[in-house]
Amino acid sequence: MLIQVVNPNTTASMTDLIGRSARAAAGPGTAVVAVNPAMGPVSIESHYDEALAVPGLLAQIAAGEAGGADGHVVACFGDPGLDAARELAAGPVVGIAEAGMRAATFLGRSFGVVTTLARTTGRAWDLAARYGVREQCRTVRAVEIAVLALETDAAARSRIAAECADVVATEGVDAIVLGCAGMADLAAELTVRVGVPVVDGVAAAVVTVEGLVRLGLTTGKRGEFAPPPPKPYAGPLAGFGSRPSGARPPLLTAPPGR
Ligand code: 5HY
């Protein structure tokens, strides 16, 4: 089985971190390719970033389909372009926010989310509502560390641990969901430090896609998620439009799979 994990921002070092977490979670016989688009924002921290990350994400989904991927992971906590990706892909597509939140609901009555910037917490609440887990989501907290600073800020780790511990102490949650793909490498250590399961959405999404593929299950293609109707697109996105159903837009200069 081949699973493509797409980091929708353009930061290769973050894609490497995401790839390591994804491979560690994947079972025997599952190959993981972690990629990021060549176009789009270096990090996704606003609605604007998220909107403009989607074309690159979809180009990667198309490239992965052409490359034989059995399923895909959208490795950004806003689950950007998830519905569009599900229209394009034959196999299942899972976002890390959905996978992380749903996994947390198996681990107890309530969970909290710890994410990067306060301005992204609204999106996390919207997704909790969309996925029907709003009631189990007790709080969404931000550590006010920029996405790319997660790799460079020496204090980031202890700052995130302190916030997780405070969520457990003050909200009494049974689990924590990490609100950024760039935190994927912290889950195991934080679980020990704060004493409740800390969920990495990248790992949760990989095993979810794996399970769906093993069961022979994929997105329903009869209605809303049927391949997008072919039509002309103008301007820089011209390559995204004119294709017969099931065909894919031409590949953008995607970096070689890792
Ligand atoms: C992420 N941004 O997972 C989100 C996290 C966030 O570039 N990868 C990003 O803060 O919304």
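All ligand and atom numbering here is 1-based and tracks the order in the structure. All values reported here derive from a predicted model rather than from experimental measurement.
Using a non-hydrogen distance threshold of 4.0 Å, G179 registers as a contact of ligand 1. Not close to ligand 1: L117, with no non-hydrogen atom less than 4.0 angstrom away. Ligand 1 is approached by M14 to a heavy-atom distance shorter than 4.0 Å. Residue-ligand proximity: G182 is placed with every non-hydrogen atom at 4.0 Å or more from ligand 1.
When only modelled atom types and interatomic distance are considered, T105 and Q136 share no side-chain donor-acceptor pair under 3.5 Å.
In the candidate list T120, I44, T116, T116 is nearest to atom 10 (O) of ligand 1, counting heavy atoms. Taking each of S46, C76, A124 in turn, the one with a heavy atom nearest to atom 1 (C) of ligand 1 proves to be C76.
Between H72 and I3 there is no side-chain heavy-atom pair separated by less than 4.5 Å.
For the pair A75 and V5, the tightest heavy-atom approach, listed with the atom from each and the gap, is CB-CG1, 3.9 Å.
Salt bridge absent: D153 and R159 never bring a charged side-chain N and a carboxylate O closer than 4.0 Å. A salt bridge between R138 and E171 is absent, with no side-chain N of the basic residue lying under 4.0 Å from a carboxylate O of the acidic one.
Ligand 1 places these atoms under 4.0 Å from at least one heavy atom of A181: 1 (C), 3 (O). In summary, the atoms of ligand 1 found under 4.0 Å from a heavy atom of C180, numbered by their order in the structure, are 1 (C), 3 (O), 5 (C). Interface atoms of ligand 1 facing S43, defined by a heavy-atom separation under 4.0 Å, are 7 (O).
Polar contact check, N9 against ligand 1: a nitrogen or oxygen pair lies under 3.5 Å apart.
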